[in-house]
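Every chain is numbered from 1, with letters handed out A, B, ... down the list of sequences.
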Amino acid sequence: MPHSYPALSAEQKKELSDIALRIVVPGKGILAADESVGSMAKRLSQIGVENTEENRRLYRQVLFSADDRVKKCIGGVIFFHETLYQKDDNGVPFVRTIQDKGIVVGIKVDKGVVPLAGTDGETTTQGLDGLFERCAQYKKDGADFAKWRCVLKISERTPSALAILENANVLARYASICQQNGIVPIVEPEILPDGDHDLKRCQYVTEKVLAAVYKALSDHHVYLEGTLLKPNMVTPGHACPIKYSPEEIAMATVTALRRTVPPAVPGVTFLSGGQSEEEASLNLNAINRCPLPRPWALTFSYGRALQASALNAWRGQKDNAGGATEEFIKRAEVNGLAAQGKYEGSGEDGGAAAQSLYIENHAY
Amino acid sequence: MAHRFPALTPEQKKELSEIAQRIVANGKGILAADESVGTMGNRLQRIKVENTEENRRQFREILFSVDNSINKSIGGVILFHETLYQKDSQGNLFRNILREKGIVVGIKLDQGSAPLAGTNKETTIQGLDGLSERCAQYKKDGCDFGKWRAVLRIADQCPSSLAIQENAVVLARYASICQQNGLVPIVEPEVIPDGEHDLEHCQYVTEKVLAAVYKALNDHHVYLEGTLLKPNMVTAGHACTKKYTPEQVAMATVTALHRTVPAAVPGICFLSGGMSEEDATLNLNAINLCPLPKPWKLSFSYGRALQASALAAWGGKAANKKATQEAFMKRAVANCEAAKGKYVHTGSSSAASTQSLFTASYTY
């Protein structure tokens, strides 16, 4: 083996690791507000609002004008490119508003999925071309972390070895390039919940995918202490007839992570997938009460699960803005508690009764 | 991906994980007494004792007949095949004596190294043929764990990707077969200390090797909670002119581990690889005091570093039995303290304990 050629200096490593730790301080998580123009179209059409740049700006303003209460539960916000350069009604750039609250600014950098020929509808993710230069510019413009989403799905013959390998590799290249530019990469290998598979199958696939991701990160000399992971929770497929408790989801999720995610990774920020706001909070809470030792922060990086109520309350009406912001703050605070295992639920019994539902982990 | 086919039942997993945890509970570690006939020859030659089966038996008898309190420091003993079937002078099988003390009995399973053609004198390890049947028999004969040593070296173009990959795969096959037979596999990917490389280079290589090992274990569906890792500490090469403190060794070692070893692994039992008895204890203590997160037990699996003083005290004479046992007990207790970060160096150590036990290019 040739002598190592350090990818990062000691100063670069310190900067990256400090940023990552700031985002996942206990009780804090991430607001994923990086919906692309196309995704925002779907959200806005659900509330009968036209998908214009101005409406997208007004909507993000609803979220970003949240008061100081979000300081203790939001550690980072992921922006879409357009939003990074937008301003509020007073001409203050959104980036500045967020930074002034002590929240770290992040940027979505992938360019969407493309098909992998010869597979059963599987994909990889594009965006590596010119990524180095784009990251350098985003860093200048206030971003300290980035996010890149890869997608895998479970079916009879998927995810295939190719899909796992290719997506792991592309995530590792992205991560390496980010770090060269002082940006903490959030690594997101999402396994979709589509399908009728059970919890065990999802756990098995998640373990295989994450093992491949961390091998690729090692191969590409990525500094793990300066990264975050954004995985799916381990859940059954949406069409699975068996129902599982939050404790079972928690045990399967934490078991999978313990078997694959090195302790050097400072934080795991779960995506919410298609979960409802309350489900996403209850599951995160159960995860943080799971009796297995957990060496990383386990928190949220939620899009829909933080915004659904706010979006619904807003409905594009200026007069509703204040009320909508309140809905967002409410979910943010709830998830901040869930990230510490302190959420008592919206009325249902949590705590001791839930503890007894944990199944011994050697069954997983 | 094809539907998974569970390699182990929940009962098998439970048994394996309980064995592994028992070995490393409460600061306990492992006595590696599995020196092959040839290797015992080297040891006995140093104290001018003839390498006969009887002499080997006598020395092991002295060690294993030590006071029962040894079971507070020693959780497991690795035996060589011959020793598994030997008895003490009263006709009691060694393995029964150990089990009665509450110590788990292990067996060396590999059959030595074989060259990898086309490399710079690199090797892989043999022993997979008929391994399942051998494991089944050893389990019947009282063993609950196995050990298999793979060797990598740092030199020009070494370790090569082939050596890393091949040794990782062979370790994974061995581990998989062990678990099928109720034996906890100790996975030992030793990066030997020969050479003039510095601490940083050893750390880099150790990280690459361990990443490959855990990817291979995952590929081979090995149940991590039912394994133990036996790695080298991260140290400079023996011919390196720069000297490092135990704290530097500890930081480099724990950093490498926490970037590569999943939290699911219950224990990491370091090999002593030529360190003096005292250095092996001081380094282990510093490792347990290292401020980085350490979700696994960090203990010892020492051969020379537990037996050097005992061998010197014995000198082949039955009359020295008490002195031999005291020397052994002293090191065992010291290392147990070190495994809890509580070792206090008590000043004068015997000449044998500080004498470097390094033999160039050490093979079993």
Side-chain angles (χ1 to χ4, degrees), chain A residues 1-6 120 152-161 163-164 168 191 197-198 200-201 203-205 207-219 221-225 254-266 292-296 359-364, chain B residues 1-6 8-18 152 154-161 163-164 197-198 200-201 203-205 207-212 214-219 221-226 254-265 292-296:
Chain A
M1 172 175 289
H3 278 271
S4 56
Y5 306 98
D120 181 13
L152 294 135
K153 61 176 186 132
I154 299 179
S155 71
E156 182 67 32
R157 295 190 197 294
T158 66
S160 64
I164 293 178
I191 298 163
H197 52 274
D198 62 11
K200 278 197 180 354
R201 178 89 192 281
Q203 185 187 329
Y204 175 83
V205 171
E207 289 178 14
K208 292 303 173 195
V209 167
L210 290 177
V213 166
Y214 282 97
K215 180 58 163 63
L217 291 177
S218 167
D219 290 344
H221 316 302
V222 174
Y223 175 59
L224 293 188
E225 292 90 324
V254 177
T255 300
L257 297 173
R258 276 168 52 80
R259 290 176 182 168
T260 52
V261 183
V265 175
L292 297 175
R294 300 161 260 123
W296 350 253
I359 298 172
E360 294 255 31
N361 75 309
H362 46 258
Y364 284 78
Chain B
M1 172 176 286
H3 277 271
R4 58 184 170 70
F5 306 98
L8 300 163
T9 63
E11 292 73 31
Q12 285 176 300
K13 286 179 173 179
K14 183 171 196 286
E15 186 195 12
L16 290 166
S17 93
E18 282 175 356
L152 294 134
I154 297 178
D156 182 38
Q157 305 298 316
C158 301
S160 62
S161 333
I164 294 178
H197 52 274
D198 61 13
E200 287 75 20
H201 192 59
Q203 184 186 326
Y204 175 82
V205 171
E207 288 177 16
K208 293 303 176 194
V209 168
L210 290 177
Y214 282 96
K215 180 58 165 65
L217 291 177
N218 182 282
D219 289 343
H221 315 302
V222 174
Y223 176 60
L224 294 187
E225 292 88 330
V254 180
T255 300
L257 297 171
H258 104 301
R259 288 176 182 168
T260 52
V261 184
V265 175
L292 296 176
K294 304 179 290 286
W296 349 254

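- Contact of A:Tyr214 with chain B is not made at all, since no heavy-atom distance falls under 4.5 Å.
- Residue B:Thr255 touches chain A through its side chain alone, counting heavy-atom pairs closer than 4.5 Å.
- Residue A:Ala163 does not touch chain B at all, counting heavy-atom pairs closer than 4.5 Å.
- In this structure, the side chains of A:Pro293 and B:Pro295 stay at 4.5 Å or more apart for every pair of heavy atoms.
- Both the backbone and the side chain of B:Ala212 come within contact range of chain A, each with at least one heavy atom under 4.5 Å from a heavy atom of that chain.
- Listed options B:Gln12, B:Glu207, B:His221, B:Arg259 were ranked by heavy-atom pairs under 4.5 angstrom with chain A; first place goes to B:Arg259.
- Side-chain contact check for A:Thr255 versus B:Glu225: some heavy-atom pair is nearer than 4.5 Å.
- Residues passing the side chain to side chain donor-acceptor pair (under 3.5 Å) test with A:His197: none are found, sequence neighbours excluded.
- Residues A:Arg258 and B:Pro262 share a closest heavy-atom pair of O-CB, 3.1 Å.
- Contact count against chain B (heavy-atom pairs under 4.5 Å) is highest for A:Ala264 among A:Pro262, A:Ala264, A:Ala211.
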